[in-house]
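What you are looking at is a predicted structure, and each value in this text was computed from that prediction instead of being measured. All ligand and atom numbering here is 1-based and tracks the order in the structure. Sequential numbering from 1 along the given sequence is applied to the chain's residues.
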Amino acid sequence: MEVVIGQSAEELALYAASMVRDVVRSKDHPVLGLATGSSPLPLYTELIRAHRDEGVTFAHVSAVTLDEYVGLPPDHPQSYHEVIRQEFTRHVDIDDARVFSPDGDPARAMDAGERYEKVLTELGGVDVQILGIGTDGHIAFNEPGSSLQSRTRIKTLTDQTRSDNARFFGSLDEVPIHALTQGLGTILDARRVALMATGQAKAQAIAAMVEGPMSASCPASVLQWHPHVTVCVDEAAASLLEHAGYYRTSFERKPSWQKW
Ligand code: F6R
């Protein structure tokens with residue numbers, strides 16, 4: 001894993017945005033994997049700025065979200081389909097019809113995972129996957145105990161994740177109990193991964209992911225198996241890394257051969 005320790009969320013966003021811009025520039029039909037939650041917001045802000053001020057176009061891009069709550073209609077303000085539209089895609093020139101999410105309708109949820117995997121395959125896979133990490137080490141909604149080879153499926157959210165996400169809803173009771181999520185095996189299929197995390201609350205999960213054993217107890221640790229992951233963290237999120245001194249080289253000064 002490449003670990004990039006930045007001074008601020010904005011600095012990390014610039015770094016991750018350059019990865020996204022490389023892919024968007026170099027491919028005819030790039031596929032972006034988008035995460036919701038707070039961590040990628042500075043990155044989306046930077047991409048929106050680049051579109052507005054520098055004419056970076058997303059007209060040829062497809063996007064896929066990582067996960068979706070089961071039971072929220074797609075236009076519900078907290079459905080991830082709608083959140084990603086509000087936070088990012090509606091501000092750039094990406095075609096709405098090219099933004100895909102798992103189908104969270106409970107009536108169709110049983111085979112929604114399989115159908116979503118088909119969409120990902122038809123698109124040719126994800127070129128760059130943006131991720132956040134939960135305080136319990138989850139990525140997407142792969143909670144501790146998830147199979148390291150899992151594919152898109154329904155998961156029951158832990159109490160910890162529901163209470164972490166209650167801030168987006170009126171109350172804890174309104175947070176859905178189930179979600180459809182790309183599996184860990186699905187995420188590993190992405191050609192590149194950029195994981196964003198800031199703040200002390202993420203420090204333990206980051207240490208377990210980067211330096212702990214690969215284990216279902218910290219689902220994000222499966223990323224140690226991926227050949228092309230960049231972990232973008234601030235000092236607080238990096239504070240429990242035992243080898244932080246080793247990673248600490250400022251990324252601006254890193255020789256390019258170390259970049260990945
Ligand atoms: C969201 C997602 C989640 C979040 C994670 C961190 O699509 O898949 O795994 O990335 O819960 O959330 P934040 O960034 O809000 O701390």
Side-chain angles (χ1 to χ4, degrees), residues 6 9-10 12-13 16 32-45 63-70 72 74 76-89 99-102 104 113 116 120 126 128-146 150-169 172 175-188 190 193-206 208-209 216 218-223 229-234 236-238:
E10 289 67 34
L12 294 164
L32 300 183
L34 304 176
T36 50
S38 316
S39 307
L41 293 181
L43 164 63
Y44 298 149
T45 302
V64 294
T65 63
L66 274 175
D67 38 23
E68 182 58 283
Y69 289 116
V70 174
L72 297 187
H76 186 288
Q78 288 311 324
S79 90
Y80 283 174
H81 185 82
E82 183 59 16
V83 168
I84 215 67
R85 220 178 78 74
Q86 295 299 337
E87 305 288 8
F88 178 42
T89 58
V99 182
F100 301 89
S101 306
Y116 199 56
L120 298 175
V126 171
V128 57
Q129 176 64 59
I130 309 303
L131 291 178
I133 184 170
T135 52
D136 62 0
H138 73 227
I139 48 175
F141 278 131
N142 295 284
E143 300 287 20
S146 295
S150 47
R151 312 300 305 185
T152 307
R153 69 221 182 283
I154 298 178
K155 289 290 284 182
T156 303
L157 303 180
T158 60
D159 292 347
Q160 173 75 60
T161 297
R162 291 186 66 238
S163 77
D164 284 351
N165 288 3
R167 67 190 193 278
F168 298 116
F169 292 81
L172 180 60
V175 183
I177 293 169
H178 299 104
L180 271 152
T181 179
Q182 286 192 29
L184 295 172
T186 318
I187 293 169
L188 285 179
V193 174
L195 185 143
M196 324 283 302
T198 51
Q200 185 67 36
K202 299 293 172 70
Q204 212 163 1
I206 290 294
M209 171 182 78
C218 175
S221 65
V222 77
L223 295 174
V229 175
T230 301
V231 179
C232 302
V233 280
D234 67 356

Under a 3.5 Å threshold, I'd like every N/O contact between ligand 1 and protein atoms, with atom names and distance.
residue: ligand 1; atom: 7 (O); partner: Thr36; partner atom: N; Å: 3.0
residue: ligand 1; atom: 7 (O); partner: Thr36; partner atom: OG1; Å: 2.7
residue: ligand 1; atom: 7 (O); partner: Asp67; partner atom: OD1; Å: 2.9
residue: ligand 1; atom: 7 (O); partner: Asp67; partner atom: OD2; Å: 3.4
residue: ligand 1; atom: 8 (O); partner: Asp67; partner atom: OD2; Å: 2.7
residue: ligand 1; atom: 9 (O); partner: His138; partner atom: NE2; Å: 3.4
residue: ligand 1; atom: 9 (O); partner: Ala140; partner atom: N; Å: 3.3
residue: ligand 1; atom: 9 (O); partner: Ala140; partner atom: O; Å: 2.7
residue: ligand 1; atom: 11 (O); partner: His138; partner atom: NE2; Å: 2.7
residue: ligand 1; atom: 14 (O); partner: Ser38; partner atom: N; Å: 3.2
residue: ligand 1; atom: 14 (O); partner: Ser39; partner atom: N; Å: 2.9
residue: ligand 1; atom: 14 (O); partner: Ser39; partner atom: OG; Å: 2.5
residue: ligand 1; atom: 15 (O); partner: Ser38; partner atom: N; Å: 2.8
residue: ligand 1; atom: 15 (O); partner: Ser38; partner atom: OG; Å: 3.4
residue: ligand 1; atom: 15 (O); partner: Arg167; partner atom: NH2; Å: 3.0
residue: ligand 1; atom: 16 (O); partner: Lys202; partner atom: NZ; Å: 2.6

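Looking at Asp67, its side chain never comes within 3.5 Å of a backbone N or O of Gln182 through a donor-acceptor pair. Side chain of Arg162 to main chain of Leu172: a donor-acceptor pair is present (N/O by atom type, distance under 3.5 Å, no hydrogens or angles). Under a 3.5 Å cut-off, the side chain of Ser79 and the backbone N or O of Pro74 do form a donor-acceptor pair.
In summary, the aromatic rings of Tyr69 and Phe141 are positioned with their centroids under 6.0 Å apart.
Here the closest heavy-atom approach between residue Ala197 and residue Ile206 is recorded as CB-CD1, 3.7 Å.
Evaluation of the salt bridge (Lys or Arg N to Asp or Glu O under 4.0 Å) rule for Glu82 yields Arg85 as partners, not counting sequence neighbours.
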